[in-house]
Amino acid sequence: MKKTGMVGSLLALTLTVSVALTGCGGANSEQSGSTNTTAAEAPKEGGTLIVARKADANNLDPHFISNIPSANYVYGKVYESLVSRDKNGEYKPTLATEWKQLDDLTWEFKLREGVTFHDGTPFTADAVKKTFERVRDPKVASPRASNFSMIKEIKIVDDKTVHFVLEYPFAPLLSILASSEGSIISPKAIAEHSDTLAKQPVGTGPFKFTSWAPGQEMKLAKNDTYWGEKPKVDEVLYKVVPEDTTRVAMIEAGEAHIGDQLPVTEVERAQASPGMNMVRAEGLGVDYIGFNVQKKPFDDVRVRQAVAHAIEKQAIVQGVYNNVGTQAVSSLSPKVIGYNPNLQDYAYDVNAAKALLAEAGYPNGFKTTIVTDDRKERMNVAEVIQSQLKGIGIDLEIKVMEYGAYLEYADNGEHAMFIGGWGNATGDGDYNQYNVFHSTSKGSAGNMAFYNNPEVDKLIEEGRREKDAQKRNEIYAKLQEIELKEVPILPIRTIDHVAVTSKNVNGFWLSPVGYLMLDDVSIN
């Protein structure tokens with residue numbers, strides 16, 4: 001952590017995330033960043049950067065964005081937060097230039113001078129106060145409100161100083177402020193057209209939002225009055241291209257410069273192509289199978305445990321994901337603060353699975369459904385699970401939906417089983433635990449299993465308040481043990497983020513969250 005953010009050695013240990021990006025040499029190797037410039041070929045500025053994206057955004061309002069693919073369109077581009085993270089996972093000043101913890105409940109942030117929102121409004125302490133008052137306002141009904149439930153008050157000391165006064169000590173505060181939901185919104189936009197922020201974002205970032213044709217494309221323009229180093233390209237054009245092979249073909253043909261969410265089926269093609277580079281980052285998230293624990297038969301823990309015994313995870317990681325990522329036993333990636341390395345996963349045991357089903361009253365199995373979005377890997381995972389569960393008498397129907405429709409369907413609790421994932425946006429275990437398992441997060445906030453366990457709720461809240469790093473880890477270790485036993489979700493693999501670029505793209509990298517980092521990108 002930078003000197004400006006030092007709040008004591010114990011808290012620093014709690015908040016620091018060690019982030020590793022995969023990188024090795026070779027023309028077509030996987031790289032942590034795409035940098036192809038030679039001494040004789042200096043980066044060129046200007047032009048339109050074309051990015052082919054798997055999924056469209058479902059919302060552009062950071063207080064209502066419910067998934068990282070949507071946040072990826074605007075976070076760090078249109079919107080900025082008080083603090084952010086560099087390539088090494090260290091906190092760095094962004095809209096705040098320095099910060100310190102005055103006592104257990106009070107944090108002070110000094111704000112950057114000379115910053116203007118895209119609508120011309122000066123950035124001051126008022127913008128910070130109004131942003132966080134909005135997300136916490138019950139009338140606004142933001143699904144992100146629970147992420148800021150620890151805030152009691154934001155006091156304006158002067159135009160460039162704010163105090164965050166907390167209800168209770170909250171160790172991972174910086175991690176939340178550095179995520180998409182910590183984006184600072186123009187107070188003028190909040191006052192005059194708060195209801196249109198879902199389609200017209202107004203931030204302070206290096207790019208300004210210009211247009212969005214849902215399902216087709218979105219445009220961002222270089223912010224010529226940006227306070228920091230200005231982007232090297234004049235415009236970013238996002239094109240929504242759901243078909244995986246088409247995105248890759250666009251890069252090969254020169255019709256796009258960056259393609260995100262490279263499917264594992266296209267990895268070998270990308271590595272072998274003389275016109276492409278593959279960019280890969282070890283992620284903080286986990287893919288999993290989830291159960292709606294409010295619906296029969298998955299309201300019975302024995303049924304969920306039976307499914308856990310019947311799924312051969314390693315076969316899925318190898319056969320479906322082509323070993324992109326690793327087998328998971330927890331909802332936390334090993335790189336996330338609070339990960340428990342001592343968990344013992346369910347053994348693949350068909351006989352144990354059948355015995356549990358019989359004990360639960362389903363000796364002959366049952367029929368049910370699993371819903372997934374239309375990503376090829378997830379559809380393939382669903383087919384493998386369908387085959388594996390057939391071995392214990394479960395007749396599984398697969399429902400495939402477009403990403404936005406899938407989110408709405410699962411958020412509303414209409415599903416029985418689902419294939420999901422949680423891309424940790426902060427590097428801290430609280431982000432997974434509170435959003436995926438706390439009873440107040442049911443539905444769009446992240447708890448699509450509709451899981452409710454008072455003991456888990458209590459431990460999650462204790463973990464948020466505990467300042468001692470070792471004690472926090474002990475709390476999260478116990479939480480993961482309970483979640484492993486009760487199986488509201490069944491983790492399958494830790495996520496690696498993979499993108500592909502054309503050879504003439506320089507300065508591009510992927511964050512461990514999976515964000516496309518476009519600030520320094522140039523096109524030769």
Side-chain angles (χ1 to χ4, degrees), residues 1-8 11-12 15 61-63 75-76 78-85 90-138 140 142 144-191 194 197 201-205 226-228 425-426 428 430 464-465 467:
M1 184 180 295
K2 292 183 179 292
K3 183 179 180 181
T4 53
M6 187 64 68
V7 294
L11 188 56
L15 294 174
D61 184 336
H63 295 165
Y75 182 61
V78 176
Y79 281 118
E80 296 178 299
S81 45
L82 294 176
V83 298
S84 57
R85 279 186 159 139
E90 298 288 337
Y91 294 106
K92 66 176 183 178
T94 309
L95 292 179
T97 55
E98 57 182 297
W99 55 89
K100 60 183 176 181
Q101 192 168 9
L102 302 181
D103 55 48
D104 282 354
L105 299 178
T106 309
W107 293 65
E108 180 177 270
F109 291 85
K110 294 290 185 178
L111 307 182
R112 189 175 296 280
E113 302 272 359
V115 179
T116 305
F117 285 96
H118 299 153
D119 60 5
T121 306
F123 167 68
T124 66
D126 181 62
V128 178
K129 183 177 177 66
K130 284 192 166 70
T131 291
F132 289 102
E133 284 180 344
R134 177 179 184 258
V135 72
R136 295 165 58 240
D137 185 349
V140 174
S142 165
R144 304 270 70 85
S146 62
N147 294 84
F148 301 100
S149 60
M150 81 297 297
I151 297 175
K152 179 180 181 180
E153 181 185 5
I154 294 178
K155 290 184 177 180
I156 295 178
V157 179
D158 56 47
D159 265 3
K160 295 300 175 185
T161 309
V162 293
H163 285 173
F164 280 67
V165 182
L166 308 184
E167 294 278 2
Y168 50 84
F170 184 71
L173 180 66
L174 290 183
S175 72
I176 294 292
L177 296 181
S179 65
S180 172
E181 45 263 68
S183 298
I184 306 299
I185 305 171
S186 163
K188 180 181 178 183
I190 289 174
S194 180
L197 285 169
V202 185
T204 60
Y226 183 56
W227 61 265
T426 67
D428 191 281
D430 174 75
R464 305 188 110 191
R465 298 166 188 251
K467 294 187 296 180

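All values reported here derive from a predicted model rather than from experimental measurement.
Side-chain contact between Arg134 and Leu197 is present, with at least one heavy-atom pair separated by less than 4.5 Å. Looking only at side-chain heavy atoms (C-beta outward), Pro169 and Leu105 come within less than 4.5 Å of each other. Side-chain contact between Tyr91 and Leu82 is absent, with no heavy atoms from C-beta onward closer than 4.5 Å. Taking 4.5 Å as the limit, some side-chain heavy atom of Val128 sits within range of a side-chain heavy atom of Phe123. You'll find the side chain of Tyr226 reaches within 4.5 Å of the side chain of Glu80, heavy atoms only.
Note: Thr106 OG1 to Lys155 NZ = 7.5 Å, rounded to the nearest 0.5 Å. Between atom CD of residue Glu108 and atom CD of residue Gln101 there is a gap of 12.0 Å, rounded to the nearest 0.5 Å. For the atom pair CD (Glu167) and CE (Met150), the distance works out to 10.5 Å, reported to the nearest 0.5 Å. How far OG1 of Thr426 is from CD of Glu181: 8.0 Å, rounded to the nearest 0.5 Å. Rounding to the nearest 0.5 Å gives a distance of 10.0 Å between OG1 of Thr124 and CG of Asp158. Expressed to the nearest 0.5 Å, how far OG of Ser81 lies from CG of Leu174 amounts to 10.5 Å.
In terms of the side chain to side chain contact (heavy atoms under 4.5 Å, CB included) criterion, residue partners of Ser146 (sequence neighbours excluded) are, by chain and number, Tyr434, Ser441. Partners of Asp119 according to the side chain to side chain contact (heavy atoms under 4.5 Å, CB included) rule, which considers only residues two or more places apart in sequence or in another chain, are Phe117, Thr121, Ser186, Lys188, Ala189, Val202.
In terms of modelled atom types and a separation under 3.5 Å, the side chain of His163 and the main chain of Glu153 share no donor-acceptor contact. Under the 3.5 Å distance criterion, the side-chain polar atoms of Lys129 are matched with a main-chain donor or acceptor of Ile154. Side-chain atoms of Arg136 come within 3.5 Å of backbone N or O of Ile151 as a donor-acceptor pair. Looking only at distances, no side-chain donor or acceptor of Lys110 sits under 3.5 Å from a matching main-chain atom of Ala96.
Nearest approach of Arg464 to Ser149, heavy atoms of both residues: NH1-OG, 3.2 Å. Contact between Ala125 and Ile156 at its shortest, heavy atoms only, is CB-CG2, 3.8 Å. Shown here for Val78 and His118, the closest heavy-atom pair between the two residues is O-CE1, 3.4 Å. Looking at every heavy atom in both residues, His63 comes nearest to Thr131 through CE1-O, 3.1 Å. Smallest separation of non-hydrogen atoms from Asp159 and Leu111: O-CD1, 4.0 Å. Residues Pro172 and Asp430 approach most closely at CG-CB, 4.0 Å, considering heavy atoms.
Below 30°, between 30° and 60°, or above 60°: for Trp107 and Phe109 the angle between ring planes is below 30°, a parallel geometry.
The side chain to side chain contact (heavy atoms under 4.5 Å, CB included) test with Phe132 singles out one residue from Leu177, Asp137, Ile185, and that residue is Leu177.
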Give the intermediate values and the outcome of side-chain hydrogen bond (donor to acceptor under 3.5 Å, both in side chains) for residues Ser179 and Tyr75.
CA-CA 8 Å; Ser179 65; Tyr75 182 61; over 6 Å; no

